[in-house]
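Report on the structure given below.
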Amino acid sequence: MSEDQVRRLRKSLGISPVFKQIDTLAAEWPSITYYLYATYGGQTHDVRARADVLVIGAGVFRIGVSVEFDWGVMEFARAAKEYVDTVTIVNYNPETVSTDWDVVDRLYFEELTLERLLDIYEFESTIKVVTFLGGQVANDLAEPLESRGVEVLGTSGSSVEVAESRDRFSQLLDELELKQPPWKEVNSVEEALDFAMEHGYPVMVRPSHVLSGTSMSLAWDEGSLMRAVRSALSTGRSVVVSKFLRGPETEIDGVADGESVVGVVIRHIGPAGIHSGDSTMILPVRGLPVSEMKEATLKLVRALQIRGPFNLQFVINGSGVYVLELNLRASRSMPFSSKASGVNLARAAAKVVFEGFLGVDEFYEPVMRHYAVKSPQFSWSQLRGAYPFLGVEMRSTGEVASMDRAYEAALLKSWLAVSPNRLPERGVVVGYEGFGEERGKMEAAADALASTLDVWWVSEVGEEEAMELLKEGRADMVIATGYAPQVDYAVRRLAADLNTPLVLNADLALELARAFNSVSLEEVEVKPMSSYARGYRSMGLLRRIPP
């Protein structure tokens, strides 16, 4: 039986949940905190239907889903209160419980499943549902809810389905004549191998409807491709294999009203192939074809009638801008791009869904007179035996952002704010150095560091000697790039266990080496965020227009 058939049978038998209130005062005093849960062990509801808007959260915290999504939920809820009387959240994350009571009217402390959301929807009867703030879990519910008659605010569920389906999105890019890496939808390992033989390695394997790079892989040879495709096909989703293009990765965090966009362009320090959650991010962007990215964004916004938040990712290969993927939801980086730019994108999303328009021409990007850098926080020391490296699956467990008038100072402040990073004082061990352009950047970083520090290459001194240098404290930083456990596993692992700073891509190693040589900590100013970005209200752009 299908899920819908089971639901109809349950209801025909008169089996429906009731919604009870959690007694937060242990019966010692009347509780007025509206924390609600569903149960089949009751006869009557503890509350009456009264919600206007129901916002779906992101579920429990885990790698790839953290407080960034809660930020979007809560900021949107605050803005929504300017338009409707009651705002309700459904989530089962305890962190939401600790932060929402003075913001929203009700919290359903419930599972994020189609069945339970339909129960809440039928009980509240008049609510409108927001699915674009709760990460992949909520986003995947947009089309199923909409197809069952639920009014979903923002971009339609059918458009969400197009963007999430790798093959359908690739077909749309072809129709719009937007550049993308060569691609093919595959249903077997043999089809993937044929594609790789035609286009060459490396290739990217991408299943649909995943968050944080789950089951996504970069395959460099036949063996790794076979393993990656089998894993991706096991998800039961459509799978696309595409040619991996080298070059810097960029993305746009934005909000659209179907015609125009308020957006922020972000540059990654690091090559394509590293998950955005693990990348060091910079804005504003310097020296890249931003106008071409904005033109591609507007084409997609109008084709899909995007009405709400989105995140669009690109790779710059040579002089070309290639689209990688589009998420029609709030991104993990939205709090960073909002705070750094001064435009609250969650509030902009509320303006779109309740007023219908943004009130800007084409593509509005706030002018920034400062730099903002976001650095990822890793927990390698807690992951015993793990090989520290960066890839398409997210591994970071947090992040820190800093701002400054000078780019190098913003980078240094951000990087130093992440544990266990600190300025090297004695020497640096260089692990796997990559090849081609990557190796050139590693050599340039090592040369820059050698002006004030001792530098040892694992390829020259060997793993054993490099480990002794770390143990003795003669080396107090390790830089490496790519994935090569057969070359420097012991060195990277020891650095993690000793809480020695680890820099794991060539681009960041070079940028940091330059910053070390050009910025003195005595000259770096520590200022409040408000001295750079003016309280998320750039030019009054997002003020509510009275009815």
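Note: hydrogens, waters and symmetry copies are ignored here, and every other heavy atom, side chains too, is used.
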Exercise for the section: For Asp221, look at atom CG and say whether over 12 heavy atoms of other residues, nucleotides or ligands are found less than 6.0 Å away. Expected result: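 Yes - once you tally the heavy atoms of other residues, nucleotides and ligands closer than 6.0 Å, there are more than 12.
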Handout entry: Glu177 CD: over 12 foreign heavy atoms closer than 6.0 Å
Key =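 Open: at most 12 neighbouring heavy atoms sit under 6.0 Å from CD of Glu177.
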Problem - Residues Leu449, Ile479; criterion side-chain contact (heavy atoms from CB on, under 4.5 Å); working and verdict - result: CA-CA 11 Å; Leu449 293 168; Ile479 63 173; 4.2 Å; yes
Do [X] side-chain atoms and [Y] backbone N/O form a donor-acceptor pair below 3.5 Å?
| X | Y | result |
| --- | --- | --- |
| Ser231 | Arg227 | no |
| Ser518 | Arg514 | yes |
| Ser333 | Phe336 | no |
| Glu251 | Phe314 | no |
| Ser341 | Val343 | yes |
| Arg426 | Pro424 | no |
| Glu463 | Tyr489 | yes |
| His275 | Gly277 | yes |

How many angstroms lie between atom [atom1] of [X] and atom [atom2] of [Y], to the nearest 0.5 angstrom?
| X | Y | atom1 | atom2 | result |
| --- | --- | --- | --- | --- |
| Asp476 | Leu453 | CG | CG | 7.0 Å |
| Met442 | Glu437 | CE | CD | 13.5 Å |
| Arg329 | Thr155 | CZ | OG1 | 12.5 Å |
| Leu324 | Leu245 | CG | CG | 8.0 Å |
| Asn311 | Asp253 | CG | CG | 5.0 Å |
| Ser419 | Asn499 | OG | CG | 6.0 Å |

Handout entry: side chain to side chain contact (heavy atoms under 4.5 Å, CB included), paired with Glu399, selected from Met281, Lys374, Gln377
Key =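 The residue from Met281, Lys374, Gln377 that satisfies side chain to side chain contact (heavy atoms under 4.5 Å, CB included) with Glu399 turns out to be Lys374.
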Smallest separation among heavy atoms of [X] and [Y], with atom names:
| X | Y | answer |
| --- | --- | --- |
| Ser159 | Leu328 | O-CD1, 3.5 Å |
| Leu283 | Ala340 | CD1-CB, 3.6 Å |
| Leu470 | Ala475 | CD2-O, 3.6 Å |
| Pro376 | Ser279 | CD-O, 3.8 Å |
| Gly427 | Trp456 | CA-CZ3, 3.7 Å |
| Phe169 | Ala163 | CB-O, 4.0 Å |

Taking only Lys NZ, Arg NE, NH1 and NH2, and the carboxylate oxygens of Asp or Glu, determine whether [X] and [Y] approach each other closer than 4.0 Å.
| X | Y | value |
| --- | --- | --- |
| Arg474 | Glu468 | no |
| Arg302 | Glu362 | yes |
| Glu525 | Lys413 | no |
| Lys441 | Asp507 | yes |

Exercise for the section: Go through Val353 and Val130 one step at a time and tell me if the side-chain contact (heavy atoms from CB on, under 4.5 Å) criterion holds. Expected result: CA-CA 9 Å; Val353 298; Val130 176; 5.8 Å; no
Exercise for the section: Test the Arg395-Phe389 pair against the cation-pi criterion, namely NZ or CZ under 6.0 angstrom from the six-membered ring centroid and within 45° of the ring axis. Expected result: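 So Arg395 does make the cation-pi contact.
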Problem - Arg332 to Phe69 six-membered ring, cation-pi geometry met (6.0 Å, 45°) - result: no
Problem - Criterion side-chain contact (heavy atoms from CB on, under 4.5 Å) on Glu249 and Ile274, from CA distance to verdict - result: CA-CA 9 Å; Glu249 189 169 337; Ile274 295 178; over 6 Å; no
Any [X] side-chain heavy atom under 4.5 Å of [Y] side chain:
| X | Y | result |
| --- | --- | --- |
| Ile252 | Phe363 | yes |
| Arg405 | Arg369 | yes |
| Leu423 | Leu412 | yes |
| Tyr532 | Asp404 | yes |
| Leu358 | Val255 | yes |
| Leu300 | Leu178 | yes |
| Val73 | Asn91 | no |
| Leu502 | Phe378 | no |

Regarding [X] and [Y], do their side chains bring together a donor and an acceptor under 3.5 Å, going by distance alone?
| X | Y | value |
| --- | --- | --- |
| Thr397 | Ser379 | yes |
| Tyr432 | Gln486 | no |
| Asn505 | Thr481 | no |
| Ser402 | Ser414 | no |
| Ser396 | Asp278 | yes |

Practice task
List the steps and the verdict of ring pair (Phe, Tyr, Trp, His ring centres under 6.0 Å) for Phe132 and Phe76.
Solution key: CA-CA 10 Å; Phe132 53 63; Phe76 179 90; 5.6 Å; yes
Problem - Residue pair Arg246, Glu438: steps toward the salt bridge (charged side-chain N to carboxylate O under 4.0 Å, His left out) verdict - result: CA-CA 11 Å; Arg246 301 181 187 277; Glu438 268 195 307; 5.4 Å; no
Problem - Check against side-chain hydrogen bond (donor to acceptor under 3.5 Å, both in side chains), Ser338 and Asn344 - result: CA-CA 5 Å; Ser338 294; Asn344 188 324; 4.6 Å; no
Exercise for the section: Hey, could you give me each pair passing salt bridge (charged side-chain N to carboxylate O under 4.0 Å, His left out) that has a residue in residues 287-301? Not counting sequence neighbours. Expected result: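 Those involving residues 287-301 are Lys294-Glu365.
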Exercise for the section: Establish, yes or no, whether a centroid distance under 6.0 Å links the rings of Tyr387 and Tyr483. Expected result: yes
Practice task
Report yes if the distance between the aromatic ring centroids of Phe516 and Trp415 is under 6.0 Å, otherwise no.
Solution key: yes
Exercise for the section: Go through Lys339 and Met529 one step at a time and tell me if the side-chain contact (heavy atoms from CB on, under 4.5 Å) criterion holds. Expected result: CA-CA 8 Å; Lys339 294 176 182 181; Met529 184 180 71; 3.7 Å; yes
